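Both ligands and their constituent atoms are indexed starting at 1 by order of listing. Keep in mind that what you see is a predicted model, and the values were worked out from it rather than measured.
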Amino acid sequence: MKIKYNLLSLLIILCHIQDLLAKTGDKVGNYKLLVFTVGTEKTDGFLRYQRSSNVFGLRSVVLGMDQVWQGGDVRYFPGGGQKINLLRKALSLDIDKHYFEKFGRTPPIDISNEVDHHIDDDNLTEDDSEFSIANGKIDYDNLIVLFTDSYDVILNGNATKIIKAFLSTNSGLLFSSEIFCWPVTSLAESYPESEWKNKYLNSGGFIGFYRNLSEILKIPSDKNSIDTKDMEVDIIRADEDDQLYYTKMFLDPEIRKKLAIKLDYQNVVFQNLNGVPQEELKLTTLKDKYTDTESISEDVFSFSGISDSSSSGILTVINVVHKSEPMVIHGNGNSKIQLNYLSNYVPLAWSVVDGCLSCKENTFSLRSKQLPEYPTLFLHLHVDKSTPFLREFLAKIRGLEYPKNKIVLDIYSKVELHDDEISKFLTENSNRYLSSAWNKFEYQSYGTDQNSEDPTSNSMVYKERDDILYRFYRDTHKPQYFFTIDSECHLDNPKTLILLIEQNKTILAPMLARPGKMWTNFWGALSPSEFYARSDNYIDIVTYKQLGIFNVPFISSCYLIQRHKIMAWIKNIKISALAQQNKNEKLIGDDNNAISFEDEEMGLYSMYRWQKHDTDMAFCHNLRTMGDFMYITNLQMYGHLIDFEFYETSHFNNDLYQIFDNPKDWEDVYIHPDWKKQIDPEVKLEEPCPDVYWFPIFTDRFCDELIEEMENLGDWSGGRHEDQRLAGGYENVPTDDIHMRQIGLERHWLHFLKMYITPIQIKAYPGYHHDPPEAVMNFVVRYKPTAQSYLRPHHDSSTFTINAALNRYKIDYDGGGVRFLRYNCSIIDTRKGWSFIHPGRLTHYHEGLLITNGTRYLMVSFVDP
Ligand SMILES: *[C@@H]1O[C@H](CO)[C@@H](O)[C@H](O)[C@H]1NC(C)=O
Ligand SMILES: *[C@@H]1O[C@H](CO)[C@@H](O)[C@H](O)[C@H]1NC(C)=O
Ligand SMILES: *[C@@H]1O[C@H](CO)[C@@H](O)[C@H](O)[C@H]1NC(C)=O
Ligand SMILES: *[C@@H]1O[C@H](CO)[C@@H](O)[C@H](O)[C@H]1NC(C)=O
Ligand SMILES: *[C@@H]1O[C@H](CO)[C@@H](O)[C@H](O)[C@H]1NC(C)=O
């Protein structure tokens, strides 16, 4: 009997297929596509889904919006039965011209104005995008229904394309396929044989004829339970698993055959990303029609190369194994980050020709506003580690173009070293800001941590960060934006705040990198343990080859958050807090506004806490968990990162020693701005005496700090012939000096010679080049009327000598200067920060002239002895 039945149904199915083939031959236009999704909150993922739906004019009907989700936390537990009940009810309603209104469908976002493109493939005409219902009647036989999740789904094809692909599968109901059998793994054995790994059903996306789908939604999960004809009755408990429900239907051979249910093994319509090897999917431009799958491999998109000028360069996703172009992309399970990656490029988000298209959406101009209309901004400076160039950090903050009377300045610091600098900054600037506050680390305010002796250990630090959110929350100015910046972030671009606000993203970080390094304030991908992993686009982003705004899994150090997002977090935390109050946790802050817990186990309720990870990792983990998108932008240059890791703070002027770790900043601060010009072959070096050249080299700050460093050590040699610092222990022409080695700056100095002096030397004395330059005698000389007031004529033990004035003639001292005897040529009015370069021996016999008042300092270096 059974066999007979099966044969019969096989026959029916064969007829079906005939029928379907015939239909495929028909105009695809005979069919209508009705698209459903489900979402209870307008999460970032939901808005992304909606955008993708609107791009193709798909008029998706949203089920469940603003309902309380009862389907359980489907990330960890089975659930989602609610989705089935919602769809069932939606399909039971008459599909007439009021149908969409019943779901309060929002009008499509008009992106066509913003993205000015001729897209051959996706020419959105109103006719096709509208779901037109002729004569108020719908042809239910030709109605095709697509259902997908929303938070982790993007659509990537228009209705025509989706219908075509579905029809090509000859199925009545097509489910997406995946490589994991979930939620009941033991059902794996019951699945039909398949040559593919992705042989299991996933219910995050399916498409089918209206009739077939309506049919399946009448079958109760527990067969004899309810009257299934009444569509108002729930067919499944809300917290039962929807995927299990459909799986059972599929695994029932009778139902499978009757409703012609298939799985989309070939990814013709659906692509689930979980567990799919990265190589299986490619972002590509397609020259002509997507049907030309043979040419796919040539067209494979590579950001470093091919730009396909014959098309608009719009990207799509292809599955290279199945040579298909899936139109529903689902970041199921652990593949949310892969989906986020893809959604930087599709649909209609990127063009190889014109770059980032989606970057232009939803932006606005702040600069067109009058200053009094600027939104209030909460600007938080975070100084929690010794950081080189903090003075410059603060100067750049001060220089940001934004009305200061719209800024609530909030500083947090716990590094005593920087207190003076911060204090000075506040004294000079605080009254310009709308308000300002300086919160210093106080051990007591954070209680004691049983696990650590170190009050600054990670396990405590999250509370400091929470407190900042709390201060933002309570601020009476109700700032519209929250901007936090750590002390290693240098905003060289004064427009940064304005540019970020204008992008109108909820959470946006400006890309900052250590100059010349791949170290930045974002990660493009995550390792399985949620640490750094390199994404395919990482280097292109860091090197500005791809310019855009990218959805990434990790940002740190400097970012802007819109007010509504923080208020939503705090609301959620408050709800959690109230729910937890029975358990007697002590809340930090007043009870109504608590955002942080004392309880060790309550890390979940801190935005900055996750296990024992640092606050950045925890913050981003929590954002990912909540489905909040983080973006990094490199549309402009915003600034750079300081390398603080090996910052040695035992010196008097610590930044003076940063030539290796932060060469760019060091140069900006210490090298004279006119130095670079001197290397230009067109520019003639000044030559005050024969073969003596004179050039700007140091800033005043360098000169002052070097003197301070020497005076701080104070170990002047006294100008004696006996000198234990020298190999022979004897100095023929002794000066009152301190060697660079004595202040630990020798290595830095030699590097300085190579970087900044060698280019000048090559220009002054062509044909002589020693790399690296050698110099055993590098020292600061001090002349005083009372100690060493002059130096008798002598040769230097060098091939050439560098001699730079560190202070000012006639202001800091009188008299002094140098005289080259052979030419009877003296230079008295030396210039602070300028150096001579002159041959050391034979021709340039010279003397140090008598100083009459004050103190004169010189930096001298004997190069290539
Ligand atoms: C839909 O997409 C297909 C394939 O990309 C394209 O050929 C067709 O013109 C599109 N239809 C409309 C109405 O945009
Ligand atoms: C399922 O789909 C096929 C193919 O279009 C159709 O012929 C059949 O009638 C449908 N079955 C039901 C029960 O709706
Ligand atoms: C900012 O973006 C949101 C969507 O994310 C949009 O609703 C809003 O209108 C935009 N704001 C402005 C001022 O354009
Ligand atoms: C050296 O120069 C000074 C002034 O520049 C002049 O007074 C003096 O006579 C010169 N001496 C010789 C030996 O030329
Ligand atoms: C030396 O310099 C100091 C301060 O610059 C000044 O007060 C003093 O009068 C000077 N003495 C002579 C002899 O020029």
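- Between the side chains of Asn156 and Thr316, at least one donor-acceptor pair of N or O atoms lies under 3.5 Å.
- Side-chain contact of Tyr813 with Thr830: a donor-acceptor pair under 3.5 Å is present, judged by distance alone.
- Protein heavy atom closest to atom 10 (C) of ligand 5, with residue, atom name and distance, is Asn853 ND2, 2.1 Å.
- Nearest protein neighbour of atom 13 (C) of ligand 3, counting heavy atoms only, is Phe364 CD2, 3.5 Å.
- In summary, Lys832 and Asp704 engage in a salt bridge, as defined by a charged side-chain N under 4.0 Å from a carboxylate O.
- Evaluated by nearest non-hydrogen atom to atom 4 (C) of ligand 3, the leading choice among Thr506, Asp44, Asn362 is Asn362.
- Asn504 ND2, 2.3 Å is the protein heavy atom nearest to atom 2 (O) of ligand 3.
- Side-chain atoms of Ser324 come within 3.5 Å of backbone atoms of Asn267 as a donor-acceptor pair (strictly under, hydrogens ignored).
- Each of the atoms 2 (O), 4 (C), 5 (O) of ligand 1 lies under 4.0 Å from some heavy atom of Lys161.
- Under a cut-off of 6.0 angstrom, the local environment of OH in Tyr140 is crowded, with over 12 non-hydrogen atoms contributed by other residues, nucleotides or ligands.
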